[in-house]
Asker: 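Pasting a structure here, questions to come.
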Amino acid sequence: MEPQKRYSDMEEFELRQEIARLKEKARKAEQLGIVNEFAVLERKALMAEAYLMNPDDFTPGELYEMKGAPGAYFKIDYMNGVFAWGYRIGGDGKEEGLPISMLKL
């Protein structure tokens, strides 16, 4: 079995295939009630989706609504690749890095 290619090394069509594969596996895990596997696969799909986005579309100092969490906002302090680093508004104030695919433009 050949080693998994890094998302950063994949072409757009490869990323889209990988996202579809991960979402299908996640759907099956959810149907089987395997919650942990579902969560891991969903997170991997979000990571792959981040590589289809342009980090330059996100601005440090701005607030962005978080996908799948209506009313939850994230303030970006700085960008590092496809990760936005900052903190959740109303959260515990701890800095965290999120893939940009978790933020609404």
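The first residue of the sequence shown is numbered 1, and numbering continues consecutively from there.
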Asker: With clusters built from Ile, Leu, Val, Met, Phe, Trp and Tyr whose side-chain heavy atoms come within less than 4.5 Å, directly or transitively, what are the remaining members of the cluster of L32, listed by chain and number?
Answerer: I34

Asker: Can you check whether K67 reaches L103 side chain to side chain, under 4.5 Å on heavy atoms?
Answerer: no

Asker: Restricting to non-hydrogen atoms, name the atom on E95 and the atom on Y78 that form the minimum distance, rounded to 0.1 Å.
Answerer: OE2-CE2, 3.3 Å

Asker: Looking at E14, E18, E12, which hits side-chain hydrogen bond (donor to acceptor under 3.5 Å, both in side chains) with R16?
Answerer: E12

Asker: Looking at I19, V82, I100, which hits side chain to side chain contact (heavy atoms under 4.5 Å, CB included) with L52?
Answerer: I19

Asker: In this structure, would L46 and L22 fall into the same cluster of hydrophobic residues linked by side-chain contacts under 4.5 Å?
Answerer: yes

Asker: Do E42 side-chain atoms and K23 backbone N/O form a donor-acceptor pair below 3.5 Å?
Answerer: no

Asker: Is there a path of hydrophobic side-chain contacts, each under 4.5 Å between heavy atoms of I/L/V/M/F/W/Y residues, joining Y51 to L105?
Answerer: yes

Asker: Check G68 against P70 and note the closest heavy-atom contact, atom names and distance.
Answerer: C-CD, 3.7 Å

Asker: Nearest 0.5 Å, what's the CZ-CE distance between R43 and M102?
Answerer: 6.0 Å

Asker: If every non-hydrogen atom of F83 is compared with every non-hydrogen atom of M47, which pair is closest and at what distance?
Answerer: CZ-SD, 3.4 Å

Asker: List, by chain and then residue number, the residues other than Y87 in its hydrophobic cluster (Ile/Leu/Val/Met/Phe/Trp/Tyr, side-chain heavy atoms under 4.5 Å); write none if there are no others.
Answerer: L63, Y73, I89

Asker: Between atom CE of M66 and atom NZ of K104, what is the distance when rounded to the nearest 0.5 Å?
Answerer: 11.0 Å

Asker: Could you measure the distance from the NZ atom of K5 to the CE atom of M10? Nearest 0.5 Å is fine.
Answerer: 7.0 Å

Asker: For P55 versus M79, what's the shortest heavy-atom pair and its separation?
Answerer: O-CE, 3.8 Å

Asker: Kindly give the heavy-atom pair with the smallest separation between E49 and S101, and that separation in Å.
Answerer: CB-CB, 3.8 Å

Asker: Can a salt bridge be assigned to the pair E24 and R27 using a cut-off of 4.0 Å between side-chain N and carboxylate O?
Answerer: yes

Asker: Linking I/L/V/M/F/W/Y whenever any side-chain heavy atoms sit under 4.5 Å apart, do L41 and F38 land together?
Answerer: no

Asker: Check ring-ring contact (aromatic ring centres under 6.0 Å, His included) between F58 and all other residues, then give those that pass, not counting sequence neighbours.
Answerer: Y64

Asker: Check the surroundings of atom CG in N36: do more than 12 heavy atoms from other residues, nucleotides or ligands lie under 6.0 Å from it?
Answerer: no

